[in-house]
Undergrad: 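This is the structure, below, for whatever I ask next.
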Amino acid sequence: MRLLNILFDNAVKYTPSPGDIELTLEENDGNAVITIRDTGIGISGEDQGRIFERFYRGTKPEAANREELD
């Protein structure tokens, strides 16, 4: 639950108005799959591999390239 709260909070923080945030819950082979998508600034390719390290923060969130995330 804590991770979901952090992910949603970040989506709100880093999605400028009038951006979109989408939260979906689906079932896949008996497992719950939660997806949060937004039109925010994204996470740079360099930082993506480190996002689950405890206390890691990207150095330049404004430099993220949305094309890298698609």
Side-chain angles (χ1 to χ4, degrees):
M1 189 59 143
R2 183 182 225 178
L3 177 60
L4 184 59
N5 187 28
I6 291 168
L7 291 173
F8 190 73
D9 184 58
N10 283 344
V12 171
K13 278 185 201 173
Y14 298 110
T15 300
S17 185
D20 293 312
I21 299 171
E22 176 184 323
L23 179 100
T24 59
L25 173 62
E26 300 174 312
E27 183 269 331
N28 185 354
D29 293 328
N31 297 303
V33 178
I34 300 170
T35 304
I36 300 174
R37 290 185 179 275
D38 63 64
T39 56
I41 62 172
I43 301 171
S44 71
E46 179 181 321
D47 290 334
Q48 286 180 27
R50 301 187 65 196
I51 61 172
F52 292 107
E53 291 179 21
R54 190 171 186 176
F55 305 118
Y56 179 75
R57 294 181 70 88
T59 54
K60 296 181 182 178
E62 70 278 1
N65 182 347
R66 286 300 295 178
E67 293 176 12
E68 290 178 352
L69 303 177
D70 295 333

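Scope of the values below: all heavy atoms of this structure, side chains included, with no hydrogens, waters or symmetry mates.
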Undergrad: Out of curiosity, Arg50 CZ to Ile43 CD1, how far, rounded to the nearest 0.5 Å?
TA: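 Here the interatomic distance stands at 13.0 Å.
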
Undergrad: Is the number of heavy atoms from other residues, nucleotides or ligands within 6.0 Å of OH (Tyr56) greater than 12?
TA: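 Atom OH in Tyr56 is packed in, count exceeds 12.
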
Undergrad: For the CG atom of Leu3 and the CZ atom of Phe8, what is their distance to the nearest 0.5 Å?
TA: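 Interatomic distance, Leu3 CG to Phe8 CZ, rounded to 0.5 Å: 13.5 Å.
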
Undergrad: Are Val12 and Leu25 in one and the same hydrophobic cluster, where Ile, Leu, Val, Met, Phe, Trp and Tyr link if side-chain heavy atoms are under 4.5 Å apart?
TA: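 Linked within one cluster.
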
Undergrad: Could you list the residues that satisfy salt bridge (charged side-chain N to carboxylate O under 4.0 Å, His left out) with Glu27, not counting sequence neighbours?
TA: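 Salt bridge (charged side-chain N to carboxylate O under 4.0 Å, His left out) list for Glu27, sorted by chain: empty.
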
Undergrad: Show every donor-acceptor pair shorter than 3.5 Å between a side-chain atom in residues 15-24 and any protein atom, with sequence neighbours excluded, or say none if there are none.
TA:
{"from": "Thr15", "atom 1": "OG1", "to": "Ala11", "atom 2": "O", "distance (Å)": "2.6"}

Undergrad: With hydrophobic residues grouped by side-chain heavy-atom distances under 4.5 Å, do Ile36 and Met1 end up in a single group?
TA: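 Yes.
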
